[in-house]
Student: 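Got a structure for you, written out below as structure tokens; questions coming shortly.
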There are 2 protein chains.
Amino acid sequence: MSDESDPIEAGLRTEGVRVTRQRLAILHVLREATDHPRAEDILARAKEQDPSVSQATVYRTLSVLEKAGTVLRNEFDGAGARYELAEGGHHDHLIDLDTGAVIEFHSDKIERLQAEIAAELGYEIEWHRLELYGRKSGRRR
Amino acid sequence: MSDESDPIEAGLRTEGVRVTRQRLAILHVLREATDHPRAEDILARAKEQDPSVSQATVYRTLSVLEKAGTVLRNEFDGAGARYELAEGGHHDHLIDLDTGAVIEFHSDKIERLQAEIAAELGYEIEWHRLELYGRKSGRRR
DNA sequence: AAGGGATCTGAGACTCATTCGCAACTTGAG
DNA sequence: CTCAAGTTGCGAATGAGTCTCAGATCCCTT
Ligand SMILES: [Zn+2]
Ligand SMILES: [Zn+2]
Ligand SMILES: [Zn+2]
Ligand SMILES: [Zn+2]
């Protein structure tokens, strides 16, 4: 049932992480997702594929995948955490306050500036979080 | 009992926000604080001044002060929210992963870059959050 | 292909920060 | 001083996320 040609799956397996039916369903959901879904959404979508998936397993799996570096967990303003696959490299987010849409962006310049600032303070950044909250230009508040 | 010469207090009053004993105690705690305290800490410290302050009031007051622009609410990684007075202008935070210390910094360059990036995407930033998580340079992980 | 021990999983109880509901109490305009 | 509107304390209620544990699965070994 498992597709050995899949790199993520193979990677997990070699890391000693068991690849179960439920985990595959959750991984599948994340692959299809384009919207940084919340655990709740992931559960609903995973159940369509495999009704046996439970809430606890969604949280546990997301946690496992995060530790394995496969998944990224975002905590945008308030509300619960939102997840996405880590493939594709680092990026930051711009959240549309009117629609809730999440737009991804990346700026080497900003990344570099952050490192410089930290260095000036005598620190080395382990990770960071940059979120911009705004609305489309020229839109009444 | 109220000191009319205090700008924050006067400001709240003119905004129609009632200045109560409890609110003064909480404001006082925030003025003395240098550590971005959590609601729990604020409650404990406020009680030293006025034992009648309750948990619900701390949350309600912080919410009122936040809406009034007097207080800033930060949600650093995990755990609960941490507060600070808004006076002193905008700044971002660097959190020491080893000690938990919160260091403030400000970079016009980064602020400008953020606006530029948002503009390129057709957006205007309403607010943003930039948090750097790191450790003192040259420290084994 | 079969065995079996370590890993998972589902269901529901549980945690913990924050919010609510409501009767009693204060504040501050007049 | 008076009183309506705004606040408060208490305890109950939320809600995202975690934990417990018996039973189900995975997958390494023979
Ligand atoms: Zn970044
Ligand atoms: Zn993203
Ligand atoms: Zn900033
Ligand atoms: Zn600060």
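Chain letters run A, B, ... following the sequence lines, proteins first and then strands; every chain starts at 1.
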Student: Could you tell me how far apart A/R13 (CZ) and C/dC8 (C1') are, to the nearest whole angstrom?
Tutor: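 To the nearest whole Å, that distance equals 14 Å.
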Student: Using the test side chain to side chain donor-acceptor pair (under 3.5 Å), find all partners of A/D77 that sit at least two apart in sequence or belong to another chain.
Tutor: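 Counting only residues at least two positions away or on another chain, A/D77 forms no side chain to side chain donor-acceptor pair (under 3.5 Å).
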Student: Grab the N/O contacts between the protein and nucleotides 17-19 of chain D below 3.5 Å, and write none if there aren't any.
Tutor:
residue, atom, partner, partner atom, Å
D/dG17, OP1, A/A81, N, 3.1
D/dG17, OP2, A/Y59, OH, 2.7

Student: Taking the side chain from B/R23 and the backbone from B/R18, do they hold a donor-acceptor pair closer than 3.5 Å?
Tutor: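 Pair found, side chain donor or acceptor close to backbone of B/R18.
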Student: CZ of A/R21 versus P of C/dT9: gap in Å, rounded?
Tutor: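 My rounded result for the distance is 9 Å.
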Student: In chain order, what residues pass the side chain to side chain donor-acceptor pair (under 3.5 Å) check against A/E104, with sequence neighbours excluded?
Tutor: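 Checked A/E104 against side chain to side chain donor-acceptor pair (under 3.5 Å); matches are A/H36, A/H91.
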Student: Round to the nearest Å and state the distance from B/D41 atom CG to C/dC16 atom P.
Tutor: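 About 16 Å, once rounded to whole Å.
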Student: Report the distance from atom CZ of B/R82 to atom P of C/dA17, rounded to the nearest whole Å.
Tutor: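 The distance from CZ of B/R82 to P of C/dA17 comes to 13 Å, rounded to the nearest Å.
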Student: Specify the separation, in whole Å, of atom CG of B/L43 and atom P of C/dC16.
Tutor: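 Going from CG in B/L43 over to P in C/dC16 covers 17 Å.
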Student: Got a salt bridge between B/E9 and B/R13, using NZ or NE/NH1/NH2 to carboxylate O under 4.0 Å?
Tutor: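 Yes.
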Student: Using whole Å, what does the distance between atom P of nucleotide C/dA17 and atom CZ of B/F76 come to?
Tutor: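 B/F76 atom CZ is separated from C/dA17 atom P by 17 Å.
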Student: Calculate the interatomic distance between B/E15 atom CD and D/dG6 atom P; express it in whole Å.
Tutor: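 It works out to 15 Å between those atoms.
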Student: What is the distance from CG of A/L62 to C1' of C/dT9, rounded to the nearest Å?
Tutor: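 Roughly 15 Å, once rounded to whole Å.
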Student: Does a nitrogen or oxygen in the side chain of B/T20 sit under 4.0 Å from OP1 or OP2 of D/dT8?
Tutor: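 Answer is yes, contact under 4.0 Å.
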Student: Tell whether B/R18 reaches the base of D/dT7 with its side chain through a donor-acceptor pair below 3.5 angstrom.
Tutor: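 No.
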Student: Please check this pair: side chain of B/T14 against backbone of B/G11, looking for a donor-acceptor N/O pair closer than 3.5 Å.
Tutor: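 Checked: pair present.
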Student: Of B/K47 and B/R23, whose closest DNA chain D nucleotide lies nearer the 5' terminus?
Tutor: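 The 5'-side residue here is B/R23.
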Student: Considering only NZ, NE, NH1 and NH2 on the basic side and carboxylate oxygens on the acidic side, decide whether B/R82 and B/E84 come within less than 4.0 Å.
Tutor: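 No, this pair does not count.
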Student: Does A/R38 get its side chain close enough to the base of D/dA16, under 3.5 Å, for a donor-acceptor pair?
Tutor: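 Donor-acceptor pair under 3.5 Å: no.
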Student: Going by atom types alone, do A/S63 and A/R60 pair a side-chain donor with an acceptor below 3.5 Å?
Tutor: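 No, because no side-chain N or O of A/S63 sits under 3.5 Å from a partner of the opposite role on A/R60.
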